[in-house]
Structures are given as C-alpha cells and as structure tokens.
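These notes are about the structure you will find just below.
Quantities reported herein were computed from a predicted structural model and do not represent experimental measurements. Note that the numbering runs from 1 along the sequence shown for the chain.
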Amino acid sequence: MGKLYIIATPIGNLEDITLRAIRILGTVDALACEDTRLTRKIFARHGIPSPKSILSYNEHNETRAGHRILDLLRRNLTVGLCSDSGCPGISDPGYRIISQAHEEGLPVEVIPGASAASTALLASGLPTSSYTFKGFPPRKPGPLRRFLEIDLDLPHTLIFFESPLRVAALLEAACEIYGDRMAALCIELTKKFERTHRGFLSDLIHIIKDKKIKGEVTIVIAGNNEKFKRSEP
C-alpha cells in the first residue's frame with residue numbers, strides 16, 4: 001500500500017532539515033510541493049536524488065493535484081508532500097489531501113521539522129505553557145476585529161502569521177482590542193536578516209511606523225495577564 005509523507009522543510013536556513021526528511025525526500029516515488037523551484041534548492045543543497053515524478057500542489061490546484069496524489073497512493077506508490085517552508089497544512093496547502101487520504105484508509109506519516117510558530121514563541125520570551133496558533137488573520141477591519149476579540153479574555157499566548165504589508169494594521173487593532181500588552185515581532189526567522197523586536201504593542205507600532213517591512217512575519221502577543229500589560233501612568 002502506498003503512503004503519504006507530510007514532510008516539514010526549512011523555514012529559511014536550509015540547514016534546518018532533519019536527517020529523516022532528507023532520507024524520505026530521496027526515496028519517495030513522487031513529490032508534491034507548493035513551488036517546485038524552491039524545493040529543488042533543498043535537493044541541490046543536500047545532494048538529494050530527485051524522485052521520478054515531481055508535481056505542483058498549491059492553493060490554486062489543490063483539487064486537481066489532489067486527485068493525482070490519491071491515484072498514485074492507490075497504485076501503492078509513496079508520495080512526499082512539502083510546502084515552501086515549514087509543515088504542509090499549517091497555514092499552507094495540505095489539509096485537504098491529508099484528510100482525503102485518511103478517509104480512504106491510506107497511510108499518512110508526518111516527518112516533523114522547523115516551525116515558524118514555535119521558533120517565534122521561543123524567541124518572544126513570552127509564556128510557552130499555553131498558547132494558541134491563530135494563523136493568518138482576516139484582512140478587512142470588521143472580520144479582523146471579531147477574530148481578535150475571540151481571545152480577548154483568555155490567558156494563553158497568541159501566535160499570528162501576517163503579510164508584511166498588513167503588520168501595522170494587525171498591531172494597531174491588537175493594541176486597541178487587547179490593550180497595550182507585551183508582544184514580539186519576528187521577521188525573516190532563521191534567515192540572514194533575521195530580527196526580533198520585543199516590547200509592548202505600542203512600542204512595536206512605533207518601531208515599524210513609516211517603515212517598509214520585507215520578508216516573512218510572525219507576531220506573538222501575550223495573553224490576558226496583568227503581568228504583561230503596560231501599567232497606567
């Protein structure tokens with residue numbers, strides 16, 4: 001019987017890949033990836049032999065590519081699935097094909113690895129005992145506000161992904177709804193120009209004011225705890 005391997009890949013630094021992931025990438029019959037050009041860089045960096053078949057699997061062709069993956073699995077072939085960075089299915093394409101494979105009783109095995117969410121959480125210095133990964137928030141102000149309000153009174157640390165073009169809007173909305181809490185703005189994690197700004201939400205808003213942010217962004221915000229709120233003057 002075939003098997004679907006969910007393979008985590010580096011979020012920036014190409015050295016952040018497991019030996020197991022390298023082995024599996026080099027042995028699968030087919031590989032489905034979000035962007036074949038990015039994945040080929042991993043193969044070149046680590047001298048991994050290319051599989052017989054490489055296909056694109058992204059948010060625009062999930063249905064069509066998913067049918068092809070399932071057909072390969074039914075033919076007792078092994079298929080690796082990877083996204084541009086991190087683990088497929090976590091704010092990236094992958095959930096649907098994983099669910100479909102389970103529904104058909106096809107084996108699924110996860111090869112864990114680098115994660116922007118856990119990396120940012122540790123870099124933030126905020127509590128790690130209880131946290132919620134929120135993924136990408138809505139773009140429009142109304143839905144964004146309702147999305148943030150869900151966790152207003154809860155104590156757990158919050159982790160968000162966001163486009164560099166909308167970071168300021170998210171920080172400003174969070175500061176308005178949550179109050180001036182401790183937070184961390186993590187940019188280009190594990191890459192050459194990695195940087196983390198830590199402070200209260202109002203501080204982070206000031207830091208990025210009128211600045212053009214480039215690269216991947218992860219934001220970590222403290223939960224509802226007086227210890228992590230700015231005291232009134």
Would you say Leu55 and Leu81 are hydrophobically clustered, going by side-chain heavy atoms of ILVMFWY under 4.5 Å? yes
Hey, could you give me the OG1/CZ distance between Thr157 and Phe228, rounded to the nearest 0.5 Å? 7.0 Å
Would Lys229 and Glu226 pass as an ion pair if we require N to O under 4.0 Å? yes
Side-chain donor-acceptor contact under 3.5 Å, Glu34 with Tyr57: no
Whether over 12 other heavy atoms sit under 6.0 Å from Arg74 CZ: yes
How far apart are the C-alpha atoms of Ile90 and Ser115, what are their side-chain angles, what is the distance that settles it, and do they pass the side-chain contact (heavy atoms from CB on, under 4.5 Å) test? CA-CA 9 Å; Ile90 307 298; Ser115 164; over 6 Å; no
Is the shortest side-chain heavy-atom distance between Glu109 and Ile24 below 4.5 Å? no
Go through the steps to decide whether Leu19 and Arg23 satisfy the test side-chain contact (heavy atoms from CB on, under 4.5 Å), and finish with yes or no. CA-CA 6 Å; Leu19 294 175; Arg23 175 175 60 82; over 6 Å; no
One pair to check against side-chain contact (heavy atoms from CB on, under 4.5 Å): Met182 and Lys227. What are the steps and the verdict? CA-CA 9 Å; Met182 283 295 297; Lys227 178 180 178 180; over 6 Å; no
With no hydrogens and no angle check, is any side-chain donor or acceptor of Thr78 less than 3.5 Å from a backbone partner on Lys3? no
Can you name the side chain to side chain donor-acceptor pair (under 3.5 Å) partners of Asp71, sequence neighbours left out? Arg75
Just so I know, are the side chains of Leu170 and Leu148 near enough to count as touching, which here means a heavy-atom distance under 4.5 Å? yes
Could you list the donor-acceptor pairs under 3.5 angstrom formed between side-chain atoms of residues 4-12 and any protein atom two or more places apart in sequence or on another chain?
| from | atom 1 | to | atom 2 | distance (Å) |
| --- | --- | --- | --- | --- |
| Thr9 | OG1 | Ser83 | O | 3.4 |

Is there a chain of hydrophobic side chains (I, L, V, M, F, W, Y, each step under 4.5 Å between heavy atoms) that links Leu204 to Leu158? yes
Side chains of Ile221 and Leu201: closer than 4.5 Å at any heavy-atom pair? yes
May I ask you to test the Arg181-Asn224 pair for a side-chain heavy-atom distance under 4.5 Å? yes
May I ask you to check whether over 12 heavy atoms, not counting those of Glu104, lie within 6.0 Å of atom CD? yes
Please find the pair of heavy atoms, one from Ile159 and one from Ala117, that lie closest to each other, and give the distance. CD1-O, 3.8 Å
For the residue pair Leu14 and Ile42, establish whether any side-chain heavy-atom pair is separated by less than 4.5 Å. yes
Can you find a heavy atom in the side chain of Glu216 that is under 4.5 Å from one in the side chain of Thr218? no
Leu73, Leu31: one ILVMFWY side-chain cluster at the under-4.5 Å cut-off? no
Just checking His197: does its NE2 atom have more than 12 heavy atoms from other residues, nucleotides or ligands closer to it than 6.0 angstrom? yes
For atom CZ of Phe136, decide whether the heavy atoms of other residues, nucleotides or ligands shown that lie under 6.0 angstrom number more than 12. yes
Do the side chains of Ile219 and Val167 get nearer than 4.5 Å, heavy atoms only? yes
Inter-residue atom distance Arg68.CZ - Leu72.CG, 0.5 Å rounding: 6.5 Å
Would you name the heavy atoms of Ala116 and Leu189 that are closest together and state the gap between them? O-CD1, 3.7 Å
For atom CZ of Phe200, decide whether the heavy atoms of other residues, nucleotides or ligands shown that lie under 6.0 angstrom number more than 12. yes
Spatial distance of atom OG (Ser85) from atom CG (Asp16) [nearest 0.5 Å]: 11.5 Å
Rounded to the nearest 0.5 Å, how far apart are CG of Leu77 and CD1 of Ile69? 12.5 Å
Tightest non-hydrogen contact, residues Phe43 and Pro51, listed as CE2-CD, 3.6 Å
Hits for side chain to side chain donor-acceptor pair (under 3.5 Å) against Lys191, two or more places apart or cross-chain, chain-then-number order -> Glu188
Measuring from atom CG of Leu154 to atom CG of Asn225, what distance do you get when rounded to the nearest 0.5 angstrom? 12.5 Å
Atom CZ of Arg198 with >12 non-hydrogen neighbours under 6.0 angstrom: yes
So, Thr190 side chain and Asn13 main chain: donor-acceptor pair closer than 3.5 Å or not? yes
Between Asp35 and Asn58, does the side-chain contact (heavy atoms from CB on, under 4.5 Å) criterion hold? Intermediate values first, please. CA-CA 8 Å; Asp35 187 327; Asn58 55 56; over 6 Å; no
In the single-linkage hydrophobic clustering (I, L, V, M, F, W, Y; side-chain heavy atoms under 4.5 Å), do Tyr178 and Val220 co-cluster? no
Membership question, hydrophobic clusters at under 4.5 Å side-chain separation (ILVMFWY): are Leu25 and Val108 in the same one? no
Can you give me the closest heavy-atom contact between Cys82 and Pro88, atom names plus distance? CA-CG, 3.5 Å
Please report the shortest heavy-atom distance between Leu121 and Pro127, naming the atom on each side. CD1-O, 3.8 Å
Over all heavy atoms of both residues, which pair between Pro112 and Thr18 is shortest? Give the atoms and the distance, please. O-CG2, 3.6 Å
CD1-CZ distance between Ile111 and Arg20, expressed to the nearest 0.5 angstrom: 3.5 Å
Is the shortest heavy-atom distance from the side chain of Ile97 to the side chain of Leu70 under 4.5 Å? yes
Checking Glu176 side chain against Glu172 main chain: does a donor-acceptor pair fall under 3.5 Å? no
